[in-house]
Amino acid sequence: MKLTGAEIFVESLKKEGVDTVFGFPGGAVIHIYDKLFDSDINHYLARHEQAAVHAADGYARSSGKVGVALVTSGPGATNTVTGIATAYMDSIPIVVFTGQVPTALIGNDAFQEADIVGITRPCTKHNYLVKDVKDLPKIIKEAFHVAASGRPGPVLIDIPKDVLMASTEFNYPETYTMRSYKPTLEGHKGQIQKALKAIHKAKKPVIYAGGGVILSGASKELTKFAKKLNIPVTTTLMGLGGFPGTDPLFMGMLGMHGTYAANMATSHCDILIAIGSRFDDRVTGKISEFAPDATIIHIDIDPTSISKNVKVDIPIVGDVKHVLNKAFDIMKTEKPPKTDPYKEWREDVDKWENAHKLGYKHTKTKTKPQYVVERLFELTKGDAIITTEVGQNQMWAAQFYKYNHPRSFLTSGGLGTMGYGFPAAIGAQVAFPDKTVIDIAGDGSIQMNIQELATVKQYRLPVKIAILNNGFLGMVRQWQQLFFNKRYSSTCLEVQPDFVKLAEAYGVVGLRSESPADVDDVIKEALATKHPVVMDFVVDREENIYPMVPSGASLKEMLLV
Amino acid sequence: MRHVISVLVENEFGVLSRISGLFSGRGFNIESLCVAETLDPDVSKMTIVTRGSDEIVEQITKQLRKLITVIKVTDFTGTDYIDRELILVKVKANDDTRSEVLSITDIFRAKVVDVSPTAYTIELTGDQNKISAILELFKPIGVVEIVSSGTIAIARSDKSAKK
C-alpha cells in the first residue's frame, strides 16, 4: 500500500511503540499534524519547542523509553538546540523530528529555513536529512536504535515538506543493518578478572558511580556488588538514585558540592572503581590531585570516556549491567574472604561522615531552602520523582532529598540548563500519571520555561513546582560573594512576578509560604490536590550551598558551613 | 608528533563535515585530508594527517570510531606503511635556469607536464621527504605556484611467507 511521508511518519512511530509525542506545529510539518489528528498517538502541545524537547527528555529519563519531539522548520528547529544539547551531555535517548523546507528550496534562504542538521551535528549522537521518502522508514528504524543503544543520546531527523507529501510503498524494516555501528556491551573477561584481583588486594576501595548505572538499568547489580564486597559508594549528580540514598554504605554525592565524607574518601582511597561515570570537572576538581593514590578501574560503554581526563589503570569497555553480571559469575568461583577486609576503612569513612554532616541552621523566622527540600522528602516519603532547575536549587535537591530508586531524580547535569526542570517534570508526569512529580526550582530558572503552566493546565498534569525564592540568581551570587568581594553584578532579581498570581493567571493553583511555620501546610495542601500547583517558598536570601570545592581546587579543599 | 590516520567511511553527504567538525570542535588541526571512493562505491577512504601528543591522537581516533558513519579507523603511526603525495609545481624558467630545472626534474624522476615561455609546470609523486627536497632546490630558482594533493597512505602487505 502506498503511503505519504506524513503517513509513514505516524505508522513508523507506531511500529516503534511510540504513543506519546511532545511538539509544536508549523508550516513545514502541517501534513504530519493532519495525520496525528486522527491517530492514537497522544500529542502534547508545549508552548515553546525547547520545552517540548525537555519534556521528551524527562519522559525518557523517568521511563527508560525513547522520548519523541516534533517541531517545524527554521525557528522551531533552532529552538530545540538547547534541549538536544542537554540530552546529549547526559546521554538521554530521544528522537527529534524537525520539518524542513522543500528539498528544491534547501540552501535558498527560504522562509523558515535553517540548516538544523549542520547546527546539531556536534550535539546529536547522529542526525539525518531525509532526501527521499523511500528512505524514511529505514531512517526512523535506525534512529530509534541509535538513540537507545550503546551510550544513548539524541538523534535528529530533518524531513523536508515535499518528502512528507510524496508517496511510496510502505514496508517498515524488521531489522537494521549498520556495519559501522556496533557498541561493545560485554566487558572483556580478562579485564574484569584483573579488576577483581585489584579490588581484593586493596584496603581502601571506593565505588564512584554515575549516570551510566541508571541508563544501563544496573542499580540492582550495583547495589548487590557494593553490598557483597562492603565497599562504600559515592555517586555523581547523574548517578543519584542508582544506589539507595539511605543505605549505610552510601556516602552521598562527590565533587564540587559533594559531602565531606565522599570527597575525603575519594581523595584517600587506594582503589577507585568508576562505574558508568566520566570524571567530569565538577567531580574531579583539580585533576592532578584527584584520587592521587588510587588504582583506577573504569567501567564504561563509551571508549572515548576512558582515559579522557584521568589516566585509567584497568579499563573495562562494556555495558555496566553486563560487566557486573560477569563479575558476579567470576566471584562465584572465588573463595570469600574470612574477615571483612575493608572494615577499618569504613570506620575511617564513618569518622569523616560524623565530622561534617550535611546541614544548616534552622531558624524560626527565615525559611532555609534546605529545610523546604527536607520537608518535601519527608512528606512525600521519598517516593516522588524530583526534577530540578540549575543552580543552588539543583544542589540542595541533590543533597537534602534522598533518592532510593533509579529514574527518580531528573536534572541537567552536563549542560546545566536553567529551564530544564519544569518541562522535564511534564514529561515524567505524562510517563507516570499517578506519581507525585515535583520540580524543585529557583525563582530565576523557573522563568525560563514558565509558559508551560499552560501545558500542565491544558492536559491536567498535576505537576508540583516548589520555587525556592531568594530573589537572586543564587549560585552565581554565591560565587560573587565568595570570590568577587560581594559585588553582586546582575544577580539580584530586582523585579519578580508574583508567582501566586502568575499561577492563577494560567488557571493553576498558587500557594505561598512566608515563614518556616507555613512550609508543611503548603506542601501538604499541594500534595493533596490533583491539580498542578506552584509553591512559592520565600527563603533566606543569602543562604549558600556547602560544602564547596572552589573551581580548580582539589577535593580536599572544601569550604564547609 | 605527525600522525597519518586512515578512515573508512560510509560514502554519503555530510560525512566530511562530521569528521572535520570533530577536529575543529576540539581545537585540533588537520594538516591534510584526502577523500575518494573505494572499489565499493558506498564506501570512501580518507587519509588524515594531524599533529598532536599520543593522548590527543588516541582521543581523536576513539572519537572518529564513535561516529555512526565511520566504519574503520587505522592510525599508521608506528606501523609499516607507504605514504605518497602528489604535487604540481610551477617553476620560473628563463634561458639561464631552464636546463637546471630540467635536470632537477630528471634526478627526482618528476615530469614536466606544461611549458610556457616563462615557466615549467612539474608533476612529482613521493613521500614528504622527497617533496620537500625538490622544493628546496626549486625555491632559489623561483616557485610561482604550488598545489598539493595531501598525503595518502596504505599499509604494507605482510611480508612473511606463512598465512
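First the proteins, then the strands, lettered A, B, ... as listed; each starts at 1.
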* To do: Under 4.5 Å, counting heavy-atom pairs only, tell me which of B:L67, B:T61, B:L22, B:T69 racks up the most with chain A.
  => B:T69
* State whether the number of non-hydrogen atoms from other residues, nucleotides or ligands found under 6.0 Å of A:K131 atom NZ is greater than 12. => no
* B:E10, part contacting chain A, at a heavy-atom distance under 4.5 Å -> side chain
* Look at the rings of A:Y181 and A:H145 and say which category their plane angle falls in: under 30° parallel, 30 to 60° tilted, over 60° perpendicular. => perpendicular
* Considering only heavy atoms, which portion of A:D302 lies under 4.5 Å from any heavy atom of chain B: side chain, backbone, both, or neither? -> side chain
* **Choice from B:S17, B:G21, B:G25 maximising heavy atom contacts with chain A below 4.5 Å** => B:S17
* To do: Give a yes or no on whether a salt bridge exists between B:D40 and A:R179, defined as a side-chain N under 4.0 angstrom from a carboxylate O.
  => yes
* Among pairs that include at least one residue of residues 10-56 of chain B, which meet ring pair (Phe, Tyr, Trp, His ring centres under 6.0 Å), considering only residues two or more places apart or in two chains? -> none
